[in-house]
Every structure is written in structure tokens, then in C-alpha cells.
Amino acid sequence: MISGRTGILGVIGHPVSHSGSPAMHNAALESTGLDYVYVAFTVPPEGAEGVGDAMRALNIRGLNVTVPHKQTVISCLDEVSPEAQAIGAVNTIDHRDGRLYGHNTDAYGLVASLREEGGLQRLPAKVALLGAGGAARAILYALLAAEEVEHVALLNRTIARAESLAMDLNAGSRVTVQPLAETTALADAGLVINSTSIGMEPDAEASPLGDGAGLHDGMVVVDIVYKPLETRLLQQARVAGARTVDGLGMLVHQGARAFELWTGVAPPVDVMRNALTQLN
Ligand SMILES: NC(=O)c1ccc[n+]([C@@H]2O[C@H](COP(=O)([O-])OP(=O)(O)OC[C@H]3O[C@@H](n4cnc5c(N)ncnc54)[C@H](OP(=O)(O)O)[C@@H]3O)[C@@H](O)[C@H]2O)c1
């Protein structure tokens with residue numbers, strides 16, 4: 001029941017009407033009995049600078065931040081976590097005691113998904129990461145933060161973009177940049193993560209690995225694309241005998257971490273996952 005005391009949470013983006021976050025977070029709020037409502041705010045690119053003032057003026061308790069605001073919103077925050085600073089992007093704002101704190105929960109979301117859906121308590125020594133866009137920044141940060149990861153092959157269509165990502169994260173010799181079409185690194189990879197948008201609707205028949213050559217039964221294959229959940233890459237991986245993890249896990253766990261930051265309450269992860277599954 002919304003009342004005069006109900007707190008406001010939400011997501012800003014452009015576009016944002018397709019976001020599953022309102023369904024996921026409102027289901028979590030209902031199940032925990034917390035007096036908040038979570039809504040989507042369409043904020044055009046030029047509006048990001050006003051987000052801090054809006055949060056203060058309207059007493060908005062917390063926001064998720066999605067494309068295209070993850071970098072631009074940083075300038076209106078009071079503090080940014082070391083993790084979000086290193087990744088160069090904020091996806092969660094916590095408005096606490098009059099101050100705005102920026103966090104990035106995507107890296108946590110990926111690692112939690114690898115652990116829970118992928119059965120990986122420790123990550124493999126050799127990893128292949130496909131893509132060097134916004135999502136890849138948080139993923140590469142998470143991989144480099146795991147001491148057991150010795151080497152990451154970073155495969156991208158645009159080599160310069162992958163090189164600058166590796167440099168931004170001070171990857172040194174732990175990361176080797178290769179063209180997306182060069183898949184020899186898959187041979188000894190124990191984990192392959194697709195962070196390109198290849199395979200996303202409406203082009204759901206495409207795979208970042210073409211015909212899937214190089215996939216094998218000694219690897220876990222993660223596709224962070226979540227529309228569709230069952231991507232062409234995951235079909236290829238299953239045929240090759242690999243364990244597969246879809247993009248729902250990362251989405252749920254990044255949201256769960258944001259929920260915990262705002263409310264201090266343990267997130268009902270299964271409720272959040274079910275809410276998203278029903279949308280798909
Ligand atoms: N599950 C989750 O929680 C989660 C979180 C974030 C994002 N995602 C999903 O991850 C995907 C990527 O998101 P993003 O924000 O990182 O996007 P982005 O910043 O636009 O990056 C897109 C990436 O895909 C590559 N790419 C796109 N089209 C290509 C093509 N035709 N051929 C070869 N490479 C191509 C780009 O390569 P170039 O550098 O060469 O352009 C780049 O590496 C999206 O599907 C998004 O929905 C999922």
C-alpha cells in the first residue's frame with residue numbers, strides 16, 4: 001500500500017520502458033514488506049547532470065543507472081566506490097544522510113552468477129572474454145580482481161577499444177587482446193564469457209563465435225545477453241558439452257546487491273529471479 005511515508009527507488013535510462021528492474025525490485029519489496037516503490041524514469045542524455053539535484057529535491061532514496069548515463073552521472077555524486085571508479089561506471093546510487101554514493105554492482109553480479117548458476121567457487125586460470133563495451137569493463141574488473149585468474153584473452157571486433165579497456169584497468173600481461181574472429185584462445189579456456197551484443201534480439205540467430213568452433217566440454221560458457229535467454233551461443237555450447245549460464249543470473253545478482261545497499265535487508269534472490277523470468 002503506497003502512503004505518504006513510502007520511499008522512492010527507481011532506475012534512470014534512455015530508453016528505460018523495457019527494463020525488467022521495476023518488476024524485479026517491486027517483487028522483492030513486496031516479499032520483504034519494505035515500504036518503498038520502485039519506478040522507471042526516462043531521462044534523456046542531456047538530463048543526467050540534473051539527477052543529483054532531483055534525488056535531493058524529491059528525496060529519492062536510491063537509483064539504478066543504465067545506458068546512457070553510467071559514466072555521465074558520476075559528476076553529480078558526492079562519493080564513488082573504488083570499484084566503480086576503477087570500472088569507470090556507476091550503476092547504483094545510494095542516497096544516504098544527504099549524500100549521494102555511487103556503486104557498481106555489475107562485477108559482483110557476474111561473480112555471484114558464476115558461483116551460483118555456474119557452480120564456480122573459484123574461477124579457472126584461463127578465461128576468454130568476448131567484447132570490450134560497457135558491460136565488459138565490469139566483467140574484466142571482476143576477472144582481474146580474482147587472483148586465481150592468470151590470463152584473460154580479450155576478443156573484440158574493434159581491437160583499439162579492447163586495448164584501451166585493458167590499459168584503463170592496468171591489466172598488464174594478464175590480458176592479451178585479439179580479434180573476435182581469432183578463437184585459438186578457447187582451446188585452454190575454462191571459462192568463456194560473451195559480453196558482446198551479438199545474439200541479442202532482433203538478431204537472435206547470430207553467435208559471436210560464428211559456427212561455434214572451439215567450444216568444448218571442459219569449459220563453462222556464460223552469455224550475459226538476456227533477450228533471448230537461450231542464445232545461439234548457449235545452444236552451441238551445450239552441443240559441445242560445455243556447462244552454460246544465461247544472462248539472467250548477472251542481472252538478478254547486480255539488482256540484489258543494489259537492493260541490499262539501499263535497504264540493508266537480505267535480498268530475496270529467488271523472488272527477484274522469478275519476477276524477471278515471468279517477463280521473458
Ligand atoms: N546480464 C546482464 O546483467 C547484462 C548487463 C549489462 C549488459 N548486458 C548485455 O550485454 C550486451 C552488451 O552490452 P554493453 O552495454 O556492453 O554494449 P556496448 O557497450 O554497446 O558493447 C557492445 C559490444 O558488442 C560488440 N558488437 C556489437 N555488435 C557487433 C557485431 N555486429 N560484430 C562484432 N561485435 C559486435 C562491440 O564490439 P565493438 O567494440 O567492435 O563495437 C562491443 O564489444 C547487451 O546485449 C546487454 O543487454 C547484460
Side-chain angles (χ1 to χ4, degrees), residues 11 13-16 18-21 23-25 45 64-72 84 87-92 104-114 116-118 128-142 152-166 168-169 175 177-183 192-210 221-234 244-259 269 272-273 275-277 279-280:
V11 54
H14 192 265
V16 78
H18 65 286
S19 171
S21 292
M24 174 169 70
H25 282 286
N64 284 131
V65 181
T66 187
V67 177
H69 302 310
K70 286 186 176 189
Q71 284 90 30
T72 41
I87 293 167
V90 159
N91 81 332
T92 302
N104 189 307
T105 67
D106 283 334
Y108 169 89
L110 176 83
V111 173
S113 169
L114 289 174
E116 304 221 346
E117 285 86 26
L129 173 58
L130 319 179
R137 298 188 77 84
I139 294 172
L140 187 60
Y141 174 88
V152 179
L154 182 58
L155 280 58
N156 199 44
R157 174 180 61 180
T158 309
I159 289 291
R161 195 175 186 191
E163 283 172 346
S164 71
L165 170 56
D168 286 353
L169 293 183
V175 172
V177 168
Q178 287 164 14
L180 189 58
E182 170 58 63
T183 54
V192 176
I193 304 171
N194 175 44
S195 77
T196 75
S197 42
I198 304 174
M200 193 170 79
E201 286 169 1
D203 201 9
E205 281 309 304
S207 163
L209 294 178
V221 177
V222 182
D223 198 337
I224 71 159
V225 170
Y226 53 85
K227 271 194 175 146
L229 271 184
E230 171 78 1
T231 60
R232 183 87 191 96
L233 174 67
L234 293 185
T244 58
V245 179
D246 66 36
L248 202 63
M250 179 173 169
L251 197 61
V252 168
H253 291 291
Q254 63 76 29
R257 180 78 189 115
F259 181 94
V269 175
M272 298 173 89
R273 184 183 289 106
L276 279 179
T277 308
L279 291 180
N280 264 285

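All ligand and atom numbering here is 1-based and tracks the order in the structure. Residue numbers count from 1 along this sequence. Quick caveat: nothing in here was measured; it's all calculated off a predicted structure.
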*Asks:* Ignoring hydrogens and geometry, is there a side-chain-to-backbone donor-acceptor pair from Ser197 to Met200 under 3.5 Å?
*Replies:* no
*Asks:* With a 4.5 Å limit on heavy-atom distance, are the side chains of Val16 and Val11 in contact?
*Replies:* yes
*Asks:* Closest non-hydrogen protein atom to atom 5 (C) of ligand 1, residue and atom name please, with distance?
*Replies:* Met250 CE, 4.0 Å
*Asks:* Do any N/O atoms on Val67 end up under 3.5 angstrom from N/O atoms on ligand 1?
*Replies:* no
*Asks:* For ligand 1, which atoms have a heavy atom of Val225 less than 4.0 angstrom away?
*Replies:* 45 (O)
*Asks:* Among protein heavy atoms, which lies nearest atom 17 (O) of ligand 1, and at what distance?
*Replies:* Gly134 N, 4.5 Å
*Asks:* Under 4.0 Å from any heavy atom of Gly131, which atoms of ligand 1 are there?
*Replies:* 43 (O)
*Asks:* Any nitrogen or oxygen of Arg157, main chain or side chain, under 3.5 Å from a nitrogen or oxygen of ligand 1?
*Replies:* yes
*Asks:* By number and element, which atoms of ligand 1 are closer than 4.0 Å to a non-hydrogen atom of Thr158?
*Replies:* 38 (P), 39 (O), 40 (O), 41 (O)
*Asks:* May I ask you to identify the nearest protein heavy atom to atom 12 (C) of ligand 1, giving residue, atom name and distance to one decimal place in Å?
*Replies:* Ser195 O, 3.3 Å
*Asks:* Leu130 and side chain to side chain contact (heavy atoms under 4.5 Å, CB included): which partner among Ile198, Ile193, Leu209, Leu154?
*Replies:* Leu209
*Asks:* Which option, Ile224, Val252, Ile139, owns the non-hydrogen atom nearest atom 9 (C) of ligand 1?
*Replies:* Ile224
*Asks:* Is ligand 1 less than 4.0 angstrom away from at least one heavy atom of Ala132?
*Replies:* yes
*Asks:* Verify the distance criterion only: is there a donor paired with an acceptor across the side chains of Asn91 and Thr105 at less than 3.5 Å?
*Replies:* yes
*Asks:* Asn156: heavy atom below 4.0 Å from ligand 1, yes or no?
*Replies:* yes
*Asks:* Would you say the side chains of Thr158 and Asn156 form a donor-acceptor pair under 3.5 Å?
*Replies:* no
*Asks:* For Ala132 and Ala162, work out which heavy atoms get closest and say how close.
*Replies:* CB-CA, 3.7 Å
*Asks:* If you take all heavy atoms of Leu229 and Leu234, which pair is closest and at what distance?
*Replies:* O-CD1, 3.6 Å
*Asks:* Do me a favour and list the nearest non-hydrogen protein atom to atom 45 (O) of ligand 1 with residue, atom name and distance?
*Replies:* Met200 SD, 2.8 Å
*Asks:* Where's the contact between Leu248 and ligand 1, heavy-atom distance under 4.0 Å: side chain, backbone, both or neither?
*Replies:* neither
*Asks:* Show me which atoms of ligand 1 lie under 4.0 Å from any heavy atom of Ala135.
*Replies:* 6 (C), 7 (C), 14 (P), 15 (O), 16 (O)
*Asks:* Got Leu165 and Arg137 here, is their nearest side-chain heavy-atom distance under 4.5 Å?
*Replies:* yes
*Asks:* Atom 24 (O) of ligand 1: which of Ser197, Ala136, Ala160, Gly249 has the nearest heavy atom?
*Replies:* Ser197
*Asks:* Can you list the ligand 1 atoms lying under 4.0 Å from a non-hydrogen atom of Thr196?
*Replies:* 11 (C), 23 (C), 24 (O), 25 (C)
*Asks:* Which is it for Arg161 and ligand 1 at heavy atoms under 4.0 Å: side chain, backbone, both or neither?
*Replies:* side chain
*Asks:* Is the shortest distance from a Lys or Arg side-chain nitrogen in Lys70 or Asp106 to a carboxylate oxygen in the other one below 4.0 Å?
*Replies:* yes
*Asks:* Does the protein place a non-hydrogen atom closer than 4.0 angstrom to atom 20 (O) of ligand 1?
*Replies:* no
*Asks:* Hey, is Gln254 one of the residues with a heavy atom under 4.0 angstrom from ligand 1?
*Replies:* no
*Asks:* Using side-chain heavy atoms (C-beta onward) and a distance below 4.5 Å, is Gln254 in contact with Tyr108?
*Replies:* no
*Asks:* Indicate yes or no: at least one non-hydrogen side-chain atom of Leu248 is less than 4.5 angstrom from one of Leu276.
*Replies:* yes
*Asks:* To check you understand the geometry: which heavy-atom pair defines the closest contact between Ser195 and Ile139, and what is its length?
*Replies:* CB-CD1, 3.9 Å
*Asks:* For atom 33 (C) of ligand 1, which protein heavy atom lies nearest, and how many Å away is it?
*Replies:* Ile198 CD1, 3.4 Å
